[in-house]
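Have a look at the structure below before the remarks.
In each ligand, atom 1 is the first atom listed, and ligand 1 is the first ligand listed. Just so you know, residue 1 is the first one in the sequence shown, and it goes up from there. Computed from a prediction, not measured in an experiment: that's the story for all the values here. For the numbers below, each heavy atom of this structure counts, side chains included, while hydrogens, waters and symmetry mates do not.
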Amino acid sequence: MEINLISDTVTKPSSEMLSAMFSAEVGDDVFKKDPTVNALEEKVASLFGMEAALFFPSGSMVNQTAIKLHTNPGEQLICDKYAHVFNYEGGGVSFNSGVSCRLVDGHRGMMTAEQVEAAINPPDFYHSPLTSLVCIENTTNKGGGACWDFEELKKIKAVCSKHNLAYHLDGARLWNALVRKGENPKQYGELFDTISVCLSKGLGCPVGSVLVGTQTHIKEAIRVRKILGGGMRQAGYLAAAGLFALENNIERLAEDHAKAEEIGKTLTKLNFIKKVEPIETNIIIFELDESKITQEKFMNILEKHAISLIGMGQGKLRLVTHLDYTQEMHKVFLQVLNSI
Ligand SMILES: *Cc1c(COP(=O)(O)O)cnc(C)c1O
């Protein structure tokens, strides 16, 4: 039995999801003639109470498109130092939009409204890049699946309005935050100019992300998506997985969160673990006490049991629970940890 905890992207479509995909009605989505893609886009837009949505092959492409919509070359966006858009999108911010990132030293990937306001360059001071966009991530990836306090997001929105900045949410794992905090997607739709959500993470789809925003933004986003090579043809087969996932796989994220919490409790009790970061959703970040066990040795033991996880650098290790991490795997994993 292989226990893969490197990410919640490792899930494979269930037989129910596959049959939904196989029976999808499709058309050419580049001509907007795929009924299943259109249905998915309408569904996601209405979930967020926003005007329109657009289906994409990846979350990175959604974020990159949103950044392109909100900025001009030479300008600057504000994000936390842990942000996915800065760390894990291949430098796309500069490649695609010619934009730089002003990094904020936040807490677990989250900034305060004061920090955001302090990071804005004065617009009249033409020596510095013009600040045009604030990017938020919820839940935070490198921040260990932390969920934002919605009140802080509102305060940051007020800063954006005051300074005429666009406000984008990288909601690759927003579903996890919604379930954990009992929030409504419409709250987010009211606050942000654009939102990206992933279907290929906790929701268990093989491929797919969605951008949500105004009609005007989405119309422009179709052009940007085309430029980036993201126009897909009979994509309804993939969108069908998304529709299935939205119906069936959101509420169950609570199970992934519960398992993550149990793993955290076990790790905390082990004497060779130096630190476990607070666990709010499905991501567990922890550090080994290298005087008791080296990372190499720890990884070797897990590898022998076909358990995989990833290193985040600086001695941090990450585990992510997901749809395909079964109760049986969970039992085995906890036993292995306790036996080290
Ligand atoms: C996974 C992820 C994305 C998008 O990733 P893709 O692999 O391009 O789909 C964006 N933001 C965050 C925070 C993520 O975790």
Item checked: By ring pair (Phe, Tyr, Trp, His ring centres under 6.0 Å) - contacts of Phe31 (at least two apart) ->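 Ring pair (Phe, Tyr, Trp, His ring centres under 6.0 Å) check on Phe31 returns nothing, list empty.
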
I need the nearest protein heavy-atom contact for [atom]: residue, atom name and distance, please.
{"atom": "atom 14 (C) of ligand 1", "answer": "Lys201 NZ, 2.7 Å"}
{"atom": "atom 9 (O) of ligand 1", "answer": "Gly59 N, 2.8 Å"}
{"atom": "atom 11 (N) of ligand 1", "answer": "Asp170 OD2, 2.6 Å"}

Next item on the list: Flag Asn141 as yes when one of its N or O atoms lies below 3.5 Å from any N or O atom of ligand 1, and as no otherwise.
Entry: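 Yes, Asn141 has an N/O under 3.5 Å of an N/O on ligand 1.
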
Note to self: Side chain or backbone, does Ser60 bring an N or O within less than 3.5 Å of an N or O on ligand 1?
What the structure shows: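 In this structure, Ser60 places an N or O atom under 3.5 Å from an N or O of ligand 1.
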
Against heavy atoms of [X], which atoms of ligand 1 measure under 4.0 Å?
{"X": "Arg173", "result": "15 (O)"}
{"X": "Asn63", "result": "10 (C), 11 (N)"}
{"X": "Ser58", "result": "8 (O), 9 (O)"}

Next item on the list: Have a look at ligand 1 and work out which part of Ala172, if any, has a heavy atom under 4.0 Å from it: side chain, backbone, both or neither.
Entry: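 Looking at Ala172 and ligand 1, just side chain atoms fall under 4.0 Å.
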
Next item on the list: Record the part of Val85 in heavy-atom contact with ligand 1 below 4.0 Å; permitted values are side chain, backbone, both and neither.
Entry: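 Neither part.
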
Notebook entry, point to check: Taking Thr281 as the fixed residue, which of Arg173, Glu261, Arg180 is the one that meets the side-chain contact (heavy atoms from CB on, under 4.5 Å) rule?
Noted result: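 Of the listed options, the one satisfying the test is Arg180.
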
Next item on the list: Please list, chain by chain and in numerical order, all residues satisfying salt bridge (Lys or Arg N to Asp or Glu O under 4.0 Å) with Asp324, sequence neighbours excluded.
Entry: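 Scan of Asp324 (salt bridge (Lys or Arg N to Asp or Glu O under 4.0 Å), adjacent residues dropped) gives none.
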
Checklist line | Heavy-atom donor-acceptor pair, Tyr82 side chain to Gly106 backbone, under 3.5 Å | finding: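 Absent.
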
Note to self: Using a 3.5 Å distance criterion without hydrogens, assess whether the side chain of Ser97 forms a donor-acceptor pair with backbone atoms of Val99.
What the structure shows: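 No, the answer is negative, given that no donor and acceptor are paired below the 3.5 Å cut-off.
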
Notebook entry, point to check: Out of Gln64, Met61, Glu89, Glu137, whose heavy atom sits nearest atom 13 (C) of ligand 1?
Noted result: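 The nearest heavy atom belongs to Glu137.
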
Notebook entry, point to check: Any non-hydrogen protein atom below 4.0 Å of atom 7 (O) of ligand 1?
Noted result: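 Within 4.0 Å of atom 7 (O) of ligand 1, no protein heavy atoms are found.
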
Check: Is there a donor in the side chain of Glu89 and an acceptor in the side chain of Asn63, or the other way round, less than 3.5 Å apart?
Finding: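 Yes, Asn63 and Glu89 have a side-chain donor paired with an acceptor closer than 3.5 Å.
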
Note to self: Regarding His70 and Thr194, do their side chains bring together a donor and an acceptor under 3.5 Å, going by distance alone?
What the structure shows: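 Distance-only check passes for His70 and Thr194.
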
Item checked: CZ-CG distance between Arg233 and Asp34, expressed to the nearest 0.5 angstrom ->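 Taking CZ in Arg233 and CG in Asp34, the distance rounds to 11.5 Å.
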
